[in-house]
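Index from 1, following the sequence. Atom set for the values below is all heavy atoms of this structure, side chains included, hydrogens, waters and symmetry mates excluded.
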Amino acid sequence: MNILIVGLGSIGKKHIDAIKKMGLSCNIYALRSDNSSNVENGIYNIYNFDDIKVSLDFAIISNPTHLHYEYIDKLANKGIPLFIEKPAIHSLNSSDKLLRLIEEKKLITYVACNLRFHPCINFLKNKIDSLELRINEVNIYCGSYLPDWRPGKDFRKIYSANPEMGGGVHLDLFHEIDYTVWLLGLPNKSKLVLRSVSSLDIDAIDYANYLLEYDNFSVSIILNYYRKKSKREIEIVFDDKIWIIDLNRNEVKNDDNEYLFKALNFNVQETYYYQLEYFINCLNNNEVPMNSLKESVDILKICLIND
């Protein structure tokens, strides 16, 4: 198996670690932007797209978000299946053109939203689908402190803080909108507030607030970059009970503080392995994976557009 990875930053390396953990018999090629880039163990560096001479089984796109479109276009034209780090693209400009190309090539695409493989999210997926519980309200909150994301680096210089590179909390924390739609379906309407006014003093969006309207309930999603003590929780208000899902502690409790589910010894890094295993199994079995580029663009519209 020949695998190309475009972008070998922190996320790209997590995907590489997942591939190696799978024990696949494969050659990994990394398309690098700098001739002085480090040589990673077991990876062949390539510096020009046209220097790729081997037949590729699939490509991983994990470079900065604003560069995704260019490489999705190049690789799709070569008919190469794509594993695309979220969000797939940072703008809806020309997205229809890209989707037409994918359809014409009958190309398998998967947008990597690894929290779909979090055990607490899967617990919710199974319960909501099977128990037909009546939901009245859902509140989702994800806040963390951007300066702590990459220790030793000036947070103002990383892509997350720079809108021209596809940064912004609404794109970085795309997971929350993605798993909401995966669990509950597309909303009837959505509204959003995007702001950059916090003490971080960055140009990128550092606060996002979404209201998603469904037939019988509403979902509120709040995202931010400036919360020093991180919090990633879902609160679901049912008719006669409340569930609190803590994605940092990997647990689900009710409002009586009783455990409904707890993933012991789970590390979120495992989700990178699970999603790559899932994608490769889909390729091997010629199955269409969930969360295609088209599906993810529909979710991105919620992220970027007021109804």
Least distance between heavy atoms, [X] atom then [Y] atom:
X: Tyr110; Y: Met290; result: CD1-O, 3.2 Å
X: Cys303; Y: Leu192; result: O-CD2, 3.7 Å
X: Phe238; Y: Ile135; result: CE2-CG1, 3.7 Å
X: His90; Y: Leu304; result: O-CD1, 3.9 Å
X: Leu171; Y: Gly167; result: CD1-O, 4.1 Å

Inter-residue atom distance [X].[atom1] - [Y].[atom2], 0.5 Å rounding:
X: Ile11; Y: Ile61; atom1: CD1; atom2: CD1; answer: 15.0 Å
X: Asn224; Y: Ser144; atom1: CG; atom2: OG; answer: 7.0 Å
X: Asn77; Y: Leu107; atom1: CG; atom2: CG; answer: 10.0 Å

Determine, for [X] against [Y], whether the closest basic-nitrogen to carboxylate-oxygen distance falls under 4.0 angstrom.
X: Lys13; Y: Asp17; value: no
X: Arg100; Y: Glu104; value: no
X: Lys191; Y: Glu213; value: yes
X: Asp178; Y: Arg116; value: yes
X: Lys301; Y: Asp298; value: yes

Test of understanding: clusters of I, L, V, M, F, W, Y form through side-chain heavy atoms closer than 4.5 Å, transitively. Do [X] and [Y] belong to the same one?
X: Leu24; Y: Leu276; answer: yes
X: Tyr141; Y: Leu173; answer: yes
X: Phe217; Y: Ile128; answer: yes
X: Leu101; Y: Leu75; answer: no
X: Leu183; Y: Val181; answer: yes

Legend entry - Tyr210 and His170: CA distance, side-chain angles, deciding distance, ring pair (Phe, Tyr, Trp, His ring centres under 6.0 Å) verdict: CA-CA 10 Å; Tyr210 296 90; His170 59 315; 8.0 Å; no

Legend entry - Option from Ile222, Ile221, Ile234 for which side chain to side chain contact (heavy atoms under 4.5 Å, CB included) with Glu176 holds: Ile221

Legend entry - Val169: which of Ile205, Leu146, Ile202 passes side chain to side chain contact (heavy atoms under 4.5 Å, CB included): Ile205

Inset, instruction - Could you check if a side-chain atom of Leu82 sits within less than 4.5 angstrom of a side-chain atom of Ile72, using non-hydrogen atoms only? - result: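 When only atoms from C-beta onward are counted, Ile72 and Leu82 do touch, with a gap below 4.5 Å.
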
Inset, instruction - Evaluate the side-chain proximity of Phe49 to Tyr71: yes if any heavy-atom separation is below 4.5 Å, no if none is. - result: yes

Hey, do the aromatic rings of [X] and [Y] have their centres closer than 6.0 Å?
X: Phe279; Y: Phe58; value: yes
X: Phe117; Y: Tyr278; value: yes
X: His118; Y: Phe266; value: yes

Inset, instruction - Assess whether atom CD of Glu164 is packed by more than 12 heavy atoms of other residues, nucleotides or ligands within 6.0 Å. - result: yes

Inset, instruction - Tell me, yes or no, whether the heavy-atom count around Lys294 atom NZ, taken from other residues, nucleotides or ligands under 6.0 Å, exceeds 12. - result: no

Inset, instruction - Tell me, please, whether Tyr273 has Lys21 positioned over its six-membered ring: NZ or CZ under 6.0 Å from the ring centre and within 45 degrees of its axis? - result: yes

Legend entry - Trp243 six-ring face occupied by Lys253 cation (under 6.0 Å, within 45°): no

Legend entry - Stepwise side-chain contact (heavy atoms from CB on, under 4.5 Å) test for Ile302 and Leu212: CA-CA 9 Å; Ile302 299 170; Leu212 279 54; 4.1 Å; yes

